[in-house]
Amino acid sequence: SVRTPAEAVQQARLDAQVFTSLVESRLLLGNSDVFARYSEAMKAMVAKRGVVLARAFIAERRTERLDYGETVYLLEPNVKRSRGGLRDIHLLRWLWYLKAGVADPDRLHTMGVLSKFDHRRLVSAQNFLLRARNEMHFHANEACDALSRAEQLRLAEYFKYQGRQGMRPVEQFMRDYFHHTAHVWRMAHRLSELMQPASRVSRVL
């Protein structure tokens, strides 16, 4: 798509999906002044509509979780859309942009918005989930996000889990999966609660 800064911001204001794409914008080549004007216009729009956008992102993600599994401990989870999956990492990035004007976890850590512990755990979880998902795609030669029992066994072998302390390799692999997704979910849930305005009763109390 080719848009002026004003047109891009207008599209982002009207469509949450367009906004989530533009949150990840970065200058690759071209006029840095135009990009700077676009970035400032996006931040100004967010300052006015941040609460509305946050509510839309959280509601859409809640619906998606209900469709793909509203618990971390699914027998055959979806690495992208189940609770604590990659889509919850995306949600964190979108909400951080609304809150701090920055989506990148490294920059958020430098700014003091993200603690060292949460930054380390988030990066570790993202790397684990992306490695698993990429290998699933390469092996199937198509988009494939469902972590079936057969894929669990194959990935445990592919990532060279050895098995120890009474645990089979596949059990170790899934233990790590649940460990990472549980942490991502806790972070996403905590930030979602912070980003949603309190009810009138809560404010009065």
| request: Determine, stepwise, if the pair Val184 / Arg121 fulfils side chain to side chain contact (heavy atoms under 4.5 Å, CB included). | output: CA-CA 8 Å; Val184 169; Arg121 293 288 297 275; over 6 Å; no
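- Inter-residue side-chain proximity for Arg62 and Ile58 is flagged as met; some heavy-atom pair is nearer than 4.5 Å.
- Taking the side chain as every heavy atom from C-beta outward, Ile89 and Leu129 approach each other to under 4.5 Å.
- Distance check: Met174 CE to Met167 CE gives 11.0 Å after rounding to the nearest 0.5 Å.
- Applying the side-chain contact (heavy atoms from CB on, under 4.5 Å) test to His189 and every residue at least two apart in sequence or in another chain returns Trp185, Glu193.
- For the residue pair Arg61 and Lys80, the shortest heavy atom distance occurs at NH2-O, 4.4 Å.
- A donor-acceptor pair under 3.5 Å is formed between the side chain of Glu7 and the backbone N or O of Thr4.
- Here the side chains of Arg149 and Val170 are in contact, with some heavy-atom distance below 4.5 Å.
- Residues Tyr161 and Glu157 form no side-chain contact, since every pair of their non-hydrogen atoms from C-beta on lies 4.5 Å or further apart.
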| task | Begin with the C-alpha distance, continue with both residues' side-chain angles, and end with the deciding distance and a verdict on side chain to side chain contact (heavy atoms under 4.5 Å, CB included) for Leu98 and Leu95. | result | CA-CA 5 Å; Leu98 296 178; Leu95 294 180; 4.2 Å; yes
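- Side-chain rings of His183 and Phe117 approach one another, their centers coming within less than 6.0 Å.
- In this structure, Leu14 places its CG atom where more than 12 heavy-atom neighbours from other residues, nucleotides or ligands lie under 6.0 Å away.
- Under a hydrophobic clustering in which Ile, Leu, Val, Met, Phe, Trp and Tyr are joined whenever their side-chain heavy atoms come within less than 4.5 Å, directly or via other members, Met42 and Leu27 fall into the same cluster.
- Counting all heavy atoms, side chain and backbone alike, Leu91 lies closest to Ser192 at CD2-OG, 3.8 Å.
- Phe128 meets the ring-ring contact (aromatic ring centres under 6.0 Å, His included) test with Phe173, His180; sequence neighbours excluded.
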| request: Assess whether side chain to side chain contact (heavy atoms under 4.5 Å, CB included) is satisfied between Met45 and Phe19, documenting all intermediate values. | output: CA-CA 11 Å; Met45 184 270 288; Phe19 179 88; 3.8 Å; yes
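- With sequence neighbours excluded, the residues forming a side-chain contact (heavy atoms from CB on, under 4.5 Å) with Pro105 are Arg93, Leu114, His119, Leu122, listed by chain and number.
- Taking 4.5 Å as the limit, some side-chain heavy atom of Val52 sits within range of a side-chain heavy atom of Arg49.
- Of all the heavy atoms in Met136 and Cys144, the pair that sits closest is CE-O, 3.5 Å.
- The backbone N or O of Arg120 lies less than 3.5 Å from no partner atom in the side chain of Ser124, so there is not a single donor-acceptor pair.
- Using a 4.5 Å cut-off between side-chain heavy atoms of Ile, Leu, Val, Met, Phe, Trp and Tyr, with links allowed through other members, Val123 and Leu86 fall into different hydrophobic clusters.
- Ion pairing between a basic and an acidic side chain is recognised when a charged N comes within 4.0 Å of a carboxylate O; Arg168 and Glu171 show such pairing.
- Ionic pairing of Asp88 and Arg81 is not present here: no N-O contact between side-chain nitrogen and carboxylate oxygen is shorter than 4.0 angstrom.
- With rounding to the nearest 0.5 Å, the separation of CG in Asp104 from CZ in Arg26 is 10.5 Å.
- Gln162 places a side-chain N or O within 3.5 Å of a backbone atom of Lys160 that can act as its donor or acceptor partner.
- Salt bridge annotation for Arg87-Glu64: present, with a cationic side-chain nitrogen under 4.0 angstrom from a carboxylate oxygen.
- Between the CG atom of Leu108 and the NZ atom of Lys99 there is a distance of 11.0 Å, given to the nearest 0.5 Å.
- Side-chain contact between Val102 and Tyr97 is absent, with no heavy-atom pair separated by less than 4.5 Å.
- Nearest heavy-atom pair across Gln152 and Pro77 is NE2-CD, 4.2 Å.
- Using a 4.5 Å heavy-atom threshold, the side chains of Tyr158 and His139 count as separate.
- We find the CE-CH2 distance between Met195 and Trp96 to be 11.5 Å, quoted to the nearest 0.5 Å.
- For the atom pair OG1 (Thr20) and NE2 (His90), the distance works out to 9.5 Å, reported to the nearest 0.5 Å.
- Considering all non-hydrogen atoms of both residues, Asp33 and Asn31 come closest at N-OD1, 2.8 Å.
- Around CZ of Arg3, the count of heavy atoms belonging to other residues, nucleotides or ligands within 6.0 Å exceeds 12.
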| task | Applying side chain to side chain contact (heavy atoms under 4.5 Å, CB included), run through Leu53 and Trp94 and close with a yes or a no. | result | CA-CA 9 Å; Leu53 288 166; Trp94 302 335; over 6 Å; no
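- No side-chain heavy atom of Glu76 sits under 4.5 Å from any side-chain heavy atom of Leu147.
- Looking at Ser82, its side chain never comes within 3.5 Å of a backbone N or O of Gly85 through a donor-acceptor pair.
- More than 12 non-hydrogen atoms from other residues, nucleotides or ligands lie less than 6.0 angstrom from CZ of Arg175.
- Across all non-hydrogen atoms, the minimal contact from Tyr177 to Asn78 is OH-O, 3.9 Å.
- A distance-only check finds no donor-acceptor pair linking the side chain of Asp15 to the backbone of Gln11 [under 3.5 Å].
- In summary, Arg154 and Glu151 engage in a salt bridge, as defined by a charged side-chain N under 4.0 Å from a carboxylate O.
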